[in-house]
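Notes to accompany the following structure.
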Amino acid sequence: MSATLAQEEAKQTLQKILMEKRIVVCCGAGGVGKTTTSAALGVAAAMLGRRTLVLTIDPARRLADALGISIDSHVPNAVDTKHWEALDIDAKSSLSLWMLQSQPVFDRMVRSLSDDDDKTERLFAMPMYQAIRQLVAGMQEYMAGESLYQFYKRGEYDLIILDTPPSRNAIDFLAAPDRLLRFLDSRILRVFAPPKGGWSIFQRARRVVSKTFEQVAGDGFLSQAQEFVGLFLDIFDVLKEHAETVRDVLSSEESTHLLVTSPDPAALQEALYFQKVLQERTVPFGGFLLNRSLADHPTRSWEEEGAPEVGALQTSFEKLQPLIKYEHQLISEHRALYERLDSISSSSALTIATPHLGEDIEDLKGLSILAKFLLPDESPVATEEAG
């Protein structure tokens, strides 16, 4: 068991992903280090020369502070070059991070779709718009997709890494575009649209709705609803287009999904389930990252090393034997998990066991250590450092 895992081929695959893909989606259960892993992948991509954006949901405040990133910003913040220089890191390109702000994303989308500023301001002032804004902003999975769409279409970044929202259901993010499309296709919305003349079953429905709302909400409510839907109806169609684009892009060769997990049984089960869902949806699967693992930790027995022969020192070492055996047992279990994940991955997918660094990563130095581990020994980054 003395040798470490042979992971160079998997790391080469990961480097190829970071160099060639436009979108990498990091999925997994909460508490497995998904946000940290996403940030470390961003550091690795920047070191490889790609303009990289990491979209995250809930970064650790200490990590954000260490990188000089404002978690309240409405736009991405680039990591200042002084942070790279302080650690003597040769970042060939930029790394930007942004904590997803759902309501600004929604407002920016609506504003970009309107060619009439007065109309937009009228829409923003409506109580119904504020209610819809709150409702949609609460759909973190959808807003993550909309945010991804906006940055993808702008083309400012070579690579976008998305740290998916924490979720009770592993497929919420993948299912969000379809759920939105079903909602926007709902004919009930058309009942509230302003009448355009002629007769239809919808106009008859409007008369019924009008009488009902006049009795319940008072005069004027339906007219306000009709004005809102009239202003918003065109935006519904564009929302559908965006949702369809996100769905198509995430299923294309431009994207891949990495499943971040840990040796925790619950996290592992969710990762295995998510992989099955990806296969059923024919969504590109990049592989597994077994985080906080001892699988790559080298071990040697006392017989291999040779136990100390000095009496008191030898006694101390012998007392440590139970702890050593426990560590060996953990390493064996983690390696078995690694081998299981590797066996169920496709031939083109990777499986990498990242090390347990002993504490939470809360600065650029820690991220760079993890980033360098994820890259192969012959990567440009490793080659330059060796020189």
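Not measured: the values here are computed from a predicted model.
- With hydrogens and angles ignored, the 3.5 Å screen pairs no side-chain donor or acceptor of T36 with any backbone N or O of G33.
- Taking both residues in full, the closest heavy atoms of R50 and E20 are given as NH1-N, 3.6 Å, listed atom of the first, atom of the second, then distance.
- Note that the CD atom of E8 and the NZ atom of K11 stand 5.5 Å from one another [nearest 0.5 Å].
- Summarising the geometry of A40 relative to A371, their closest heavy-atom pair is O-CB, 3.4 Å, with the distance given to 0.1 Å.
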Evaluate the criterion side chain to side chain contact (heavy atoms under 4.5 Å, CB included) for residue pair W84 and V43; output intermediate values, then yes/no. CA-CA 10 Å; W84 301 106; V43 170; 3.9 Å; yes
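- Residues V25 and T256 have side chains not in contact (no heavy-atom distance under 4.5 Å, counting atoms from C-beta outward).
- Side chain of E254 to main chain of V249: no donor-acceptor pair is present (N/O by atom type, distance under 3.5 Å, no hydrogens or angles).
- Taking CG of L162 as the reference point, atom SG of C26 lies at 8.0 Å (rounded to 0.5 Å).
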With side chain to side chain contact (heavy atoms under 4.5 Å, CB included) as the test, would you mind laying out the steps for L14 and L375 before giving the verdict? CA-CA 7 Å; L14 180 59; L375 296 175; 5.9 Å; no
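- A donor atom on one side chain and an acceptor atom on the other are not found under 3.5 Å apart for S262 and N291.
- No option in T52, L48, I17 other than T52 meets the side chain to side chain contact (heavy atoms under 4.5 Å, CB included) test with L159.
- When side chains are defined from C-beta on, L258 counts as touching L41, because their heavy atoms get closer than 4.5 Å.
- The minimum heavy-atom distance between H334 and L294, with the atom names listed, is ND1-N, 2.9 Å.
- A heavy-atom distance below 4.5 Å is found between the side chains of Y152 and I23.
- The backbone N or O of H83 lies less than 3.5 Å from no partner atom in the side chain of D80, so there is not a single donor-acceptor pair.
- Within the cation-pi definition used here (under 6.0 Å to the ring centroid, within 45° of the axis), R335 does not qualify as a partner of Y338.
- Taking the six-membered ring wherever Trp is involved, the centroid distance between the rings of F285 and H257 does not fall below 6.0 Å.
- Nearest heavy-atom pair, G42 versus V54, reported as atom, atom and distance to 0.1 Å: CA-CG2, 3.9 Å.
- Residues L55 and D163 fail the side-chain proximity criterion, which asks for heavy atoms closer than 4.5 Å.
- Judged by distance alone, with hydrogens and angles left aside, the side-chain atoms of S293 form no donor-acceptor pair with the main-chain N or O of P355 at under 3.5 Å.
- No donor-acceptor pair under 3.5 Å is formed between the side chain of K34 and the backbone N or O of T261.
- Contact of the L341 side chain with the L337 side chain is not registered, since no non-hydrogen atoms from C-beta on lie closer than 4.5 Å.
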Please lay out, stage by stage, how T37 and T354 fare under the test side chain to side chain contact (heavy atoms under 4.5 Å, CB included). CA-CA 9 Å; T37 301; T354 66; 5.7 Å; no
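- Under the 4.5 Å side-chain criterion, counting only non-hydrogen atoms from C-beta, T56 is not in contact with L97.
- For the side chain to side chain donor-acceptor pair (under 3.5 Å) test, no residue two or more places apart in sequence or in another chain qualifies with S96.
- When the salt bridge (Lys or Arg N to Asp or Glu O under 4.0 Å) test is applied to R292, no partner is found at least two apart in sequence or on another chain.
- Other residues, nucleotides and ligands place no more than 12 heavy atoms under 6.0 Å from the CD atom of E9.
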Step by step, would you call Q150 with H242 a side chain to side chain contact (heavy atoms under 4.5 Å, CB included)? CA-CA 9 Å; Q150 292 180 12; H242 287 194; 5.7 Å; no
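- No side-chain heavy atom of D264 sits under 4.5 Å from any side-chain heavy atom of V32.
- Here the straight-line distance linking atom NZ of K325 with atom CG of L330 works out to 15.0 Å at 0.5 Å rounding.
- Atoms OG1 and CG, on T351 and D342 in that order, are 4.0 Å from each other to the nearest 0.5 Å.
- Looking at heavy atoms from C-beta onward, L290 lies in side-chain contact with P263 at the 4.5 angstrom threshold.
- Atom CG of L259 sits about 8.5 Å away from atom CG of L289, to the nearest 0.5 Å.
- R340 CZ: 12 or fewer foreign heavy atoms inside a 6.0 Å radius.
- In plain terms, the two heavy atoms of T164 and C27 that are nearest each other are OG1-CA, 3.6 Å.
- Between the side chains of Q329 and E333, at least one donor-acceptor pair of N or O atoms lies under 3.5 Å.
- Pairing each heavy atom of G49 with each of D158, the nearest pair is O-OD2, 4.4 Å.
- For the atom pair OG (S255) and CZ (R22), the distance works out to 9.0 Å, reported to the nearest 0.5 Å.
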